[in-house]
Amino acid sequence: MKIVGLICEYNPFHTGHKYQIEKIKSMIENAHIVCVMSGDFVQRGDVAILDKHTRTKIALENGADLVILLPTFFCTQVAPIFASGSISLLNMLNCVDYICFGSESGDIEKLKNLSKQKYNEKDMKNYLKNGDSYIKAYSNISQIPNTSNDILAVEYIKSLELFDSNIKPITIKREGSLYNDTNLGNSFASATSIRTSIRNDIDMQKLIKYLPQNSIKYFERKYIKFDEDFYNILKYAILSKKENLKYIFEINEGIENKILENISKSDSVEELIQSVKSKRYTYTRIRRMLFNILLDITKSDMSLIKENRYNIGYARVLGFNDRGRNIIKKIKNNSDIDIVNKVSSYNPKDKHTNMIFQKDIYATKLYNILKKSYYFDDYLTSPIRIES
């Protein structure tokens, strides 16, 4: 078998994701798909619309074979950190043959060449200070197209080099809507447009074109979640940590004072972001700051993670089918990474691993404070098992 790694959020899993998996299986004989998937909080600085186990179940029902959790510390961060954590985990499995990712260019050689370009971190900071978004600033200094997936693709390739990995990168050209499109209309809609439509109470039957039909049943209003569901919790987190906000990762140059100044005047996450946003601090950057506050991710935490070269120490299994069971066997035969099936049975081997593991537990509890998910307790939830 050939093991192909995918780094994903599946927020939610849509027909574009299914197309990617089917394309991989047509390209690579006997491909077995292992997904490293974000948990209950995601990279743009947001909550996942459905809990991680429900999203795992949908993925397994639509072509994935094994789903492993990307730890919380990496899920809500900028592309280099998100990519480094994800690639580190795939590499530590010591049995993955390929990593496949979508890209706007669809040109792996071009992406490899772009990944070799060096840029000055000072230039990056200057662009950010002048009000450019991270993606635009990155594009300006690296000549990489101003597109989310190409930038992530380049970071994946850089991370493979960083970890001296033998995993071979391949790419599939992204079809249909761009990552940040908010409107439906193409044969493949973006996850952003699907979430926006659900948030606006669209009739779910109108989304059958964009979502696997076997997933529609999971989108019950009592289970789906959006950032506004967490506003009061975020407000409490900000006010209760007001003396320590300066220690939160990504908060710099006194921006915490502007957050504190506007938190009591704002009635929603969106209103708070708009009141704090400036030329220097972009919308997405503020979102990530707020979710770092909510998740209590500090500068010292992230410094330790970088000092430990993004070493995670465990692979938490969220779900698998029969083919996924074969991947797990191969991981056990080739790697010394801890395989976590039951949270209640796992004892992290050192303080660093425990720090990462406990943040995942905290994130799940936080995600389920106001509204319980289908799967709401890490200690009571076993990996999802699907018959192949």
Is the closest basic N to carboxylate O distance between R280 and E253 below 4.0 Å?
yes
Any chance you could measure M37, atom CE, to S86, atom OG, to the nearest 0.5 Å?
12.0 Å
What is the ring orientation for Y156 with F101, classed by angle as parallel under 30°, tilted 30 to 60°, or perpendicular over 60°?
tilted
For the pair D40 (side chain) and K52 (backbone), establish whether a donor and an acceptor sit closer than 3.5 Å, ignoring hydrogens and angles.
yes
Report the relative orientation of the aromatic rings in H53 and Y375; use parallel for angles under 30°, tilted for 30 to 60°, perpendicular for over 60°.
tilted
Where does the angle between the aromatic ring planes of H17 and F13 fall among parallel (under 30°), tilted (30 to 60°) and perpendicular (over 60°)?
tilted
One pair to check against side-chain contact (heavy atoms from CB on, under 4.5 Å): K2 and N30. What are the steps and the verdict?
CA-CA 6 Å; K2 292 295 182 182; N30 199 24; 5.9 Å; no
N94/I331 under side-chain contact (heavy atoms from CB on, under 4.5 Å): CA gap, chis, key distance, verdict:
CA-CA 7 Å; N94 207 32; I331 294 170; over 6 Å; no
Nearest 0.5 Å, please: how far is CD1 in I3 from CG in L93?
8.0 Å
Kindly indicate, with the supporting measurements, whether the criterion ring-ring contact (aromatic ring centres under 6.0 Å, His included) is fulfilled by Y19 and F188.
CA-CA 9 Å; Y19 167 81; F188 296 114; 5.3 Å; yes
Angle class for the Y310/F163 ring planes (parallel below 30°, perpendicular above 60°, tilted otherwise)?
perpendicular
Hey, can you tell me if F41 and F230 have their rings parallel, tilted or perpendicular (30° and 60° cut-offs)?
perpendicular
Decide yes or no for I337 and L89: does some side-chain heavy atom of the first lie under 4.5 Å from some side-chain heavy atom of the second?
yes
Would you say F376 and V67 are hydrophobically clustered, going by side-chain heavy atoms of ILVMFWY under 4.5 Å?
no
State, yes or no, whether a side-chain contact exists between D360 and T364 at a heavy-atom distance under 4.5 Å.
no
Charged N to carboxylate O below 4.0 Å: is that the case for R221 and D201?
yes
State whether D227 and R199 are salt-bridged, where the test is any N-O pair (Lys NZ or Arg NE/NH1/NH2 against Asp/Glu carboxylate O) under 4.0 Å.
yes
Between the side chain of N91 and the main-chain N/O of I87, is any donor-acceptor distance below 3.5 Å?
no
If you round to the nearest 0.5 Å, how far is CZ of F82 from OG of S159?
11.0 Å
Could you tell me if the side chain of I297 sits less than 4.5 Å from the side chain of Q77, heavy atoms only?
yes
Separation between CG of L111 and OG of S105, rounded to the nearest 0.5 Å
4.0 Å
side-chain contact (heavy atoms from CB on, under 4.5 Å) for K241 and D296? Distances and angles first, verdict last.
CA-CA 9 Å; K241 297 171 188 171; D296 196 29; 3.5 Å; yes
Would you kindly confirm whether V340 and V96 end up in one hydrophobic cluster when ILVMFWY residues are joined by side chain heavy atoms under 4.5 Å apart?
yes
So, does Y283 use its side chain to make a donor-acceptor pair with the main chain of S278 at under 3.5 Å?
no
Does the pair V317 and F320 meet the rule for a side-chain contact (heavy atoms from CB on, under 4.5 Å), with working shown?
CA-CA 8 Å; V317 176; F320 57 90; 3.7 Å; yes
